[in-house]
There are 2 protein chains.
Amino acid sequence: MTIAQVAERAGVSTATVSRVLSGRGPVSAAVQRRVRTAADELGYQVNSIARALRNSRTDTVGMVVPSISNPFFTSLVERVEHALGREGKELLLCDARSDPAVEARRLATLVARNVDGIIVSPSHGTLSGAAVQETADRLPLVQLDRFVGGTSTDWVGVDDVAAMRQVMDHLHAGGARSAAFVGSLLTNSSTEQRFAGFRRRADDLGIAVASEHVLLGDYSVEWGETAAARLIAAGGPPDAIVCADDLIALGVTRACRAHGVDVPGRVQVTGYDNIEFARLGEPALTTVDQPRERIAAEAVRLLAAAAADGAGREARGPSAHIALVPSLVVRDSTRADA
Amino acid sequence: MTIAQVAERAGVSTATVSRVLSGRGPVSAAVQRRVRTAADELGYQVNSIARALRNSRTDTVGMVVPSISNPFFTSLVERVEHALGREGKELLLCDARSDPAVEARRLATLVARNVDGIIVSPSHGTLSGAAVQETADRLPLVQLDRFVGGTSTDWVGVDDVAAMRQVMDHLHAGGARSAAFVGSLLTNSSTEQRFAGFRRRADDLGIAVASEHVLLGDYSVEWGETAAARLIAAGGPPDAIVCADDLIALGVTRACRAHGVDVPGRVQVTGYDNIEFARLGEPALTTVDQPRERIAAEAVRLLAAAAADGAGREARGPSAHIALVPSLVVRDSTRADA
DNA sequence: TTGAAAGCGCTAACAT
DNA sequence: ATGTTAGCGCTTTCAA
């Protein structure tokens, strides 16, 4: 079903059909009607490939996340998909499997596919750099949540340091005078920032952090369980265990339960992200809520703005770094007061 | 960067460049080298839009799921994405938000985008029918997990009835003589089938199911909590609560804990899907494991086969219905024996 | 207000 | 073995 068939049936030229269907250009009311009728009868639908080739715009945005199965990224994907839908754009989703090499390949594919822009949460704090920068040089790109050093692209995320300040103040108010940090290896910006914020505020407040109380693994429930078990085995945990995300925290509280360590009585535990399952923990997790809706909306907005400015990094203005302020959600894994 | 520029630099025609780059057609080794060098130097990348227009193949597959945020569908998406990646295909992901109208729109968009095929888990057992059938008439389509009545398309999923038989036998062995069913409204095939399987085997085994012990809401933790609270308030739950998915089961066990009802001592609880969080429930959920990897692989295989046969339902052979056998995963929310 | 025609970048006949 | 060329379906000058 092509525009030519519609044109023939309506007895007009293809140009006219195009004008009617795209609503651009002057067409008499009578012809408009004829064309629309013909199109309806034939069940015509534009061929978006041909249109894309002609317009060099695909109305498609690519998104690359470290792991689809991480509930935090899933909900980000969901939000982005909805935000794009509002603008009539489609989402091409890629899973980098936390591997910078896979990530680089996916980015290249997206470029080859002529997506209008790319939203990426880089899987690695340094190794993702080259591919991200190269991609950003070719088309609008915004980094989401995580970012990679040595690049100059738009970014939307939260102020991890400010968030950690809130977490530490809350724990301190709950009586914590020593703390452990359980995160992933410091190879991505999220963990880096969160750890930095943790450490800084711990110092300020005089909360002791033994060097063996910094445990770095990955973002998973399993790692949380392992880390907690290790803390418990090695002479018992400190007053608080601060986790770099909710999955880890869920693992930590689970291991504590398994070992008969009371949370929050004996040790307070905090998560990060406020995924849906955070409230289902036993006890329900105190965590940091990231304004995901807002993050997704800003990312899509930035992309649209960049696209309007024209492709190619240099053509556009300086990059925007939008750090939203997350909020602390207090539940039952911490104490309200001493 | 076009093929023409590469051709000019290499001093050959565009046809030759195309032949070299696609590896089709005879080209002398010397020219091959010249072309490749030129392409590399220019950093040439195919324009997949132009290629798609020419070949009428996009190497893109569309996937529509009722809800991205449901962990079961998320993991299915992940598997499908990986399986497609192996064939050099991309995934265009759409969220139907459990709304047949949204779903119909997304399907239409995917058709307009000339995807090579569509994988859909219909959100509604009847209302999704028209759109799914229409889409299937136009291009290869396979239904995943759920299916919709009145359509004739390929389908891959599990045998829900067989799964429920296993569940009921296990509960019966654990001493259950009465049971409740908590699911979503019977508007999708999953719940329908599971409920049918539940009911049938309950009859066989002489397990009593009071009519007020069939509670239908939606696939969410909240609904599980509500339903369980209702069962507890109304004179106490039966010996077992069979849930149509893990989210519901997680809500049920949570409510039981909150109300001091021992699981599995006072009441046994089962889930379905074996999402990652199932093992994290308190107690860990006994549930039905769907072979997701296999489901995804079969779906992608069917799509490839259909594409090879040529587009348009009629052109292809009769549709395949592949029902895989799920397995029961016994954890701590049920009793091993009476 | 409408039509004719060029051309987006690529591939595959067909010709040499 | 290589080049010439038509054409995928659409939009947009330019001309009438």
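Throughout, protein chains are lettered first and strands after them, A, B, ... in sequence-line order, and every chain is numbered starting at 1. FYI, side chains are in, hydrogens and waters are out, and symmetry mates aren't considered; it's all heavy atoms of this structure. Just so you know, these numbers come straight off a predicted model, no measurement behind them.
Between the CG atom of A/Asn55 and the P atom of C/dG7 there is a distance of 17 Å, given to the nearest Å. Taking atom CG of B/Leu42 as the reference point, atom P of C/dG9 lies 14 Å away to the nearest angstrom. If you measure from atom CG of B/Leu21 to atom C1' of C/dT11, you get 12 Å, rounded to the nearest angstrom. Between B/Asn47 atom CG and C/dC8 atom C1' there is a gap of 8 Å when expressed in whole angstrom units. Taking atom CZ on A/Arg57 and atom P on D/dT11, their separation rounds to 11 Å, with Å as the unit. When rounded to the nearest whole Å, the span between CD1 of A/Ile3 and C1' of D/dC8 equals 14 Å. One interatomic measurement links the two molecules: CG of A/Leu53 to C1' of C/dA6, which rounds to 13 Å at whole-angstrom precision. Atom pair A/Gln45:CD and D/dG9:P shows a separation of 15 Å (rounding to whole Å applied).
The 5' end of DNA chain C is approached more closely, in terms of each residue's nearest nucleotide, by A/Gly25 than by the other of B/Ile49 and A/Gly25.
With hydrogens and angles ignored, no donor-acceptor pair under 3.5 angstrom links the side chain of A/Arg54 to the base of C/dG9.
Phosphate contact (OP1/OP2 of D/dT2, side-chain N/O of B/Arg19, threshold under 4.0 Å): absent. For D/dT2, neither phosphate oxygen OP1 nor OP2 lies less than 4.0 angstrom from any side-chain nitrogen or oxygen of B/Thr16. For C/dT11, the OP1/OP2 oxygens have no side-chain nitrogen or oxygen of B/Arg24 closer than 4.0 Å. Taking only side-chain nitrogens and oxygens, B/Arg51 comes nearer than 4.0 Å to OP1 or OP2 of C/dT11. The side chain of A/Thr2 places no N or O atom within less than 4.0 Å of a non-bridging phosphate oxygen (OP1 or OP2) of D/dC8. Considering only side-chain N and O atoms, A/Ser28 lies nowhere under 4.0 angstrom from the phosphate OP1 or OP2 of C/dT1.
Among the nucleotides D/dT12, C/dC10, D/dT4, the one closest to the side chain of B/Tyr44 is C/dC10. With C/dG3, C/dT1, D/dG9 as the choices, the nucleotide that has an atom nearest any side-chain atom of A/Ala50 turns out to be D/dG9. Here the nucleotide nearest the side chain of B/Val31, chosen from D/dT11, D/dT2, C/dT11, is D/dT2.
Donor-acceptor pairing under 3.5 Å is lacking for the side chains of A/Asn70 and A/Thr74. In this structure, a donor-acceptor pair under 3.5 Å is present between the side chains of A/Arg292 and A/Ser75.
Exactly one of A/Arg138, A/Lys89, A/Arg57 qualifies for a salt bridge (Lys or Arg N to Asp or Glu O under 4.0 Å) with A/Asp116. That residue is A/Lys89.
Looking only at side-chain heavy atoms (C-beta outward), B/Glu298 and B/Arg294 come within less than 4.5 Å of each other.
Other residues, nucleotides and ligands contribute at most 12 non-hydrogen atoms within 6.0 Å of the CD atom of B/Glu8.
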